[in-house]
There are 2 protein chains.
Amino acid sequence: MPRPRTFDEQDVVDRAMELFWTKGYEGTSVTDLTAELGVHPGSLYRTFGDKHGLFLAALAHYRDSKARTLAPALLAGGPVLPRIRAVLLGWIEVAAEQDAPRGCLIANAAGELLPGDPAVACSVHEVLTVVEDGFRQGLEAAVRTGEAAATLDVPAAAAMLTMLLEGLQVIVKADPDPRRLVAAVDTALLGLASAR
Amino acid sequence: MPRPRTFDEQDVVDRAMELFWTKGYEGTSVTDLTAELGVHPGSLYRTFGDKHGLFLAALAHYRDSKARTLAPALLAGGPVLPRIRAVLLGWIEVAAEQDAPRGCLIANAAGELLPGDPAVACSVHEVLTVVEDGFRQGLEAAVRTGEAAATLDVPAAAAMLTMLLEGLQVIVKADPDPRRLVAAVDTALLGLASAR
DNA sequence: GCCCAAATTGAACGCGCGCTCACAAACTTG
DNA sequence: CAAGTTTGTGAGCGCGCGTTCAATTTGGGC
């Protein structure tokens, strides 16, 4: 019955996420969005309510397209601990390769909008929970295979890895030499292995 | 010869820091600043150049009044490792007690303004270096007293603790139960003690 | 006591922000 | 083909932002 959309909503959310990720929430104006996405303000507001709504959609998309991939990546088979290391080092490498590292969208959102934005606080917590859960699944597998010590406090270690990852993303944004953090990551991982 | 200031510049910077810390950079309007600080826009602009200049002054003040206290706190005498733990747990406690934790001004600034603001990037890196150096001094002392293993990679461990601290400050802003992170901090500290 | 440099003040500047709306176009359904 | 509903579009809304400036006040140095 109605006239169909001329744009793909998912695609728009994905590119909006990229913009917010790079330029921040306030740093990305509605004019920026309409220009880069090729979507008229009117369409954007009928679809997402307002700029804030689009941002929440971007955060949800980040959760599904980024955070949710952690667990599968860790459980892809073989030793888990090296995979955890590879994930952390991967972010360092990303930061080292681009001259303007944008860190983590979640850490950026938290830094910019919290406290003071309950909806964003909820989304941020949601994504962090997904990440932490990914680490937890990986660590549980590592304990099962004897890769990690049976005495390891898995939930605590998962939370630690999440903290480490987010802290890494913060530091990397201002560090002229991100690769020096590899040794720091390794130090943090020392306590996880069973060979102590 | 000239007419003297009616406000104390240091005091204004201190209160501006508090405002930026709580509400963020974009979230704090010049109107907010003039209202809360009791300083006319004209005076503010002649003293600090512009809003951005005032923000940089606030970051420098954060470095001197917060970050620089880390080393003395760790080296105040007695075992260092419990002091490191106390510092990290202190931030958790602060977050747990107030219902709207504001995290760390540096992590907030990085999240909001990086990449894209070279001056802020420089200030952020500067503060993080001070923090990391504080941890390094503490760890060196710990190694000297045998509290930490002689084989500990001190610079790497210092960087790890900085990452942990910043990550902690990010997570705490969205976490309904910050105190659960105590166990995570303890897990991270496991690898530092010499009793392995 | 007068001078003058610097500080305070009131008022307002232009700009870009997030956002809205009336109107025309497009597609499905009967 | 006509009806009906939702879409894209052009133009512009009011607001608050960061910022500026002429006029006035202030107080130390000669």
Side-chain angles (χ1 to χ4, degrees), chain A residues 1-59 108-109 112-114 116-120 123, chain B residues 1-59 108-109 112-114 116-120 123:
Chain A
M1 189 122 61
R3 177 179 176 179
R5 293 248 168 86
T6 60
F7 61 91
D8 178 29
E9 185 173 327
Q10 278 297 92
D11 177 57
V12 162
V13 170
D14 183 68
R15 281 150 68 208
M17 178 190 77
E18 295 291 333
L19 275 178
F20 283 130
W21 195 352
T22 304
K23 309 173 62 170
Y25 178 70
E26 301 277 6
T28 307
S29 72
V30 174
T31 307
D32 290 339
L33 289 165
T34 56
E36 295 280 337
L37 307 179
V39 176
H40 190 278
S43 305
L44 214 133
Y45 275 79
R46 200 166 343 86
T47 308
F48 301 103
D50 56 6
K51 184 189 175 185
H52 192 257
L54 175 57
F55 186 66
L56 292 177
L59 290 180
N108 296 353
E112 181 168 4
L113 300 171
L114 304 187
D117 189 323
V120 168
S123 291
Chain B
M1 188 122 60
R3 176 178 176 181
R5 293 248 167 86
T6 60
F7 60 90
D8 177 27
E9 185 172 328
Q10 278 297 92
D11 176 57
V12 162
V13 170
D14 182 68
R15 280 151 68 207
M17 179 189 79
E18 296 289 335
L19 274 178
F20 284 130
W21 195 352
T22 304
K23 308 174 65 172
Y25 179 69
E26 301 277 6
T28 308
S29 72
V30 174
T31 307
D32 290 340
L33 289 165
T34 55
E36 295 281 336
L37 308 179
V39 177
H40 189 276
S43 305
L44 214 133
Y45 275 79
R46 201 172 342 86
T47 307
F48 300 102
D50 55 6
K51 183 189 175 185
H52 192 256
L54 176 55
F55 186 66
L56 291 177
L59 291 180
N108 296 353
E112 181 168 4
L113 299 170
L114 303 188
D117 190 323
V120 168
S123 292

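The structure displayed is predicted, hence computed values, not measured ones. Convention: sequence-line order gives letters A, B, ...; per-chain numbering from 1.
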Matching residue for B/Lys23 among B/Asn108, B/Asp32, B/Thr28 - test: side-chain hydrogen bond (donor to acceptor under 3.5 Å, both in side chains):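 The option that passes is B/Asp32.
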
Please report the distance, rounded to the nearest Å, between [atom1] in [X] and [atom2] in [N].
| X | N | atom1 | atom2 | result |
| --- | --- | --- | --- | --- |
| A/Asp32 | C/dG18 | CG | C1' | 12 Å |
| A/Arg46 | C/dA22 | CZ | C1' | 12 Å |
| B/Tyr45 | C/dA12 | OH | P | 19 Å |
| A/Lys51 | C/dC19 | NZ | P | 8 Å |
| B/Tyr25 | D/dC17 | OH | P | 13 Å |
| B/His40 | D/dT26 | NE2 | P | 15 Å |
| A/Leu33 | C/dG16 | CG | P | 17 Å |
| A/Leu44 | D/dG10 | CG | P | 16 Å |

So which atom in [X] and which in [Y] form the shortest heavy-atom distance, rounded to 0.1 Å?
| X | Y | answer |
| --- | --- | --- |
| B/Ala16 | B/Leu37 | N-CD2, 3.8 Å |
| B/Ser123 | B/Leu56 | OG-CD2, 3.8 Å |
| B/Glu9 | B/Phe48 | CG-CZ, 3.8 Å |

Does a nitrogen or oxygen in the side chain of [X] sit under 4.0 Å from OP1 or OP2 of [N]?
| X | N | result |
| --- | --- | --- |
| A/Thr6 | D/dG8 | yes |
| A/Ser43 | D/dG8 | yes |
| A/Ser29 | C/dC17 | yes |
| B/Arg3 | C/dA5 | no |

Most 5' of B/Pro4 and B/Glu26 on DNA chain D, judged by nearest nucleotide: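 Of the two residues, B/Glu26 wins.
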
Sugar-phosphate only, base, or nothing, as touched by A/Thr47 at under 4.0 Å among non-hydrogen atoms: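 No contact at all - A/Thr47 keeps every heavy atom at 4.0 Å or more from the nucleic acid.
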
Sugar-phosphate, base or nothing in reach of B/Thr34, heavy atoms under 4.0 Å: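 Touches nothing.
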
Flag, side chain of B/Glu36 to backbone of B/Leu19, donor-acceptor distance under 3.5 Å: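 Here the side-chain-to-backbone pair does not exist.
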
Candidate nucleotides D/dT19, C/dC19, D/dG8, ranked by approach to the side chain of B/Asp50 - the nearest: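 Comparing D/dT19, C/dC19, D/dG8 against the side chain of B/Asp50, the answer is D/dT19.
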
Proximal nucleotide (of D/dC17, D/dG8, C/dC19) relative to the B/Thr31 side chain: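 For B/Thr31, the side-chain atoms sit closest to D/dC17.
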
5' priority, DNA chain C, between A/Gly42 and A/Thr28 [closest heavy atom]: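 The residue whose closest nucleotide sits nearer the 5' end is A/Thr28.
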
